[in-house]
Amino acid sequence: MGSSKVSIIKEAYELLSDNPEVAGWEAWWPAEGPFERVVGAILTQQTRWENVDKAMSALKENGLLSPEALSSVPLSGLEMIIRPVGFYRQKAVYIKGVAEYFSQHPIEDLHSMPPSRLREDLLGLPGIGNETADVIMLYVAGHPRFIVDAYARRILECVGITGSYDEIQALFKMALGDDVEKYRRYHAYIVELGKRHCNKKRCDCCAVKKYLE
DNA sequence: CTCCAGGAGTGTA
DNA sequence: TACACTCATGGA
């Protein structure tokens with residue numbers, strides 16, 4: 001039962017790795033530094049990347065892509081700058097939260113702090129739930145964690161794999177082990193595959209199965 | 001005009 | 001635990 005699901009996940013990774021449609025994750029998620037990734041992780045919540053890009057450019061133009069600068073900028077000003085992403089009032093507060101946190105915990109030595117404590121810290125910040133916490137764990141701190149997002153759930157459902165956040169994450173741990181780069185690539189593959197074949201309006205399970213079986 | 005995007009927080013049963 | 005509702009701009 002469980003092992004067949006693990007096999008599907010494992011084989012799907014091999015197939016997706018050969019797919020030229022999805023390039024390396026660095027190109028998939030362009031960012032100039034680790035803190036920019038943290039901000040991007042929040043801005044992209046329930047939002048298209050084109051809109052995130054506009055807000056990110058505005059932040060750069062105003063010299064705000066550092067924990068210190070974001071901590072001191074007025075909230076109302078930050079709201080206006082990130083407006084294109086939508087949910088801009090809450091996200092401005094969220095960004096203030098991570099800016100404050102990374103002012104006190106240098107982002108360069110995130111990897112050296114215990115993963116369990118880092119995750120608890122992140123979940124304690126406003127606007128950071130399971131998924132965003134894992135995005136930061138995986139792409140910034142460098143810890144092996146599969147990201148269970150909406151695309152992953154839809155795609156997995158096409159092949160009969162469902163469950164809670166933790167259950168699905170456990171399946172991927174059995175399939176991929178602790179290879180950080182694999183998790184990084186797999187998430188990128190799934191998002192690209194999802195955008196093409198499995199969004200809310202049109203979830204083409206047949207096209208998805210071509211990759212996953 | 002309608003629908004949705006790389007979620008999270010809050011309230012209700 | 002399980003849903004429904006809210007937040008919001010911009011593109012198809």
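This is a predicted model, so every value here is computed, not measured. Here is how names work: the chains are called A, B, and so on, in the same order as the sequence lines, proteins then strands, and each is numbered from 1.
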Any strand: nucleotide that pairs with B:dC1 via Watson-Crick or wobble, under 3.5 Å: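 Base-paired to nothing in any strand shown.
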By the 4.0 Å heavy-atom rule, please label A:Arg153 as base, sugar-phosphate, or nothing.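 Contact class for A:Arg153: none.
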Separation of [X] atom [atom1] from [N] atom [atom2], in whole Å?
X: A:Ile42; N: C:dC7; atom1: CD1; atom2: C1'; answer: 15 Å
X: A:Tyr165; N: C:dT1; atom1: OH; atom2: C1'; answer: 19 Å
X: A:Glu79; N: C:dT9; atom1: CD; atom2: C1'; answer: 14 Å
X: A:Leu43; N: C:dA8; atom1: CG; atom2: P; answer: 13 Å
X: A:Leu78; N: C:dA8; atom1: CG; atom2: P; answer: 13 Å
X: A:Arg202; N: B:dT2; atom1: CZ; atom2: C1'; answer: 18 Å

Centroid under 5.5 Å and tilt under 30°, A:Trp28 to B:dG6: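 Stacked: ring centres under 5.5 Å, planes under 30°.
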Would you tabulate the side-chain donor-acceptor contacts of residues 62-69 of chain A under 3.5 Å, counting partners in other chains and residues two or more places apart, or write 'none'?
{"from": "A:Ser66", "atom 1": "OG", "to": "A:Ala69", "atom 2": "N", "distance (Å)": "3.1"}

I need the A:Leu78 CG to A:Arg89 CZ distance, nearest 0.5 Å.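 Rounded to the nearest 0.5 Å, the CG-CZ separation comes to 13.0 Å.
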Once rounded to the nearest 0.5 Å, what's the spacing between atom NE2 of A:His197 and atom NZ of A:Lys209?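 Rounded to the nearest 0.5 Å, the NE2-NZ separation comes out at 14.5 Å.
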Between C:dC3 and B:dG6, how far is it from one P atom to the other, in whole Å? 24 Å
Please report the distance separating the C1' of C:dA8 from the corresponding atom of B:dC3, rounded so that it comes out in whole Å.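 My reading of the C1' atoms in C:dA8 and B:dC3 gives 14 Å.
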If you define the side chain from C-beta out and look only at heavy atoms, does anything of A:Val39 sit under 4.5 Å from A:Ile82?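 A side-chain contact under 4.5 Å is absent here.
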Which of parallel (below 30°), tilted (30 to 60°) and perpendicular (above 60°) describes [X] and [Y]?
X: A:Tyr186; Y: A:Tyr13; answer: tilted
X: A:Phe146; Y: A:Tyr183; answer: tilted
X: A:Trp29; Y: A:Trp49; answer: perpendicular

Shorter than 3.5 Å, N or O on both sides, protein versus nucleotides 10-12 of chain C: list them out with atom names.
{"from": "C:dG11", "atom 1": "OP1", "to": "A:Lys54", "atom 2": "NZ", "distance (Å)": "2.7"}

A:Cys158/A:Cys203 sulfur atoms closer than 2.5 Å: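 Judged by the SG atoms alone, which are 2.5 Å or more apart, A:Cys203 and A:Cys158 are not bridged.
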Let me have a per-nucleotide readout for nucleotides 7-13 of chain B, 5' to 3', with B, S or -, counting only protein heavy atoms under 4.0 Å. BSS----
Taking atom NZ of A:Lys210 as the centre, does the number of heavy atoms from other residues, nucleotides or ligands within less than 6.0 Å exceed 12?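 No, not enclosed.
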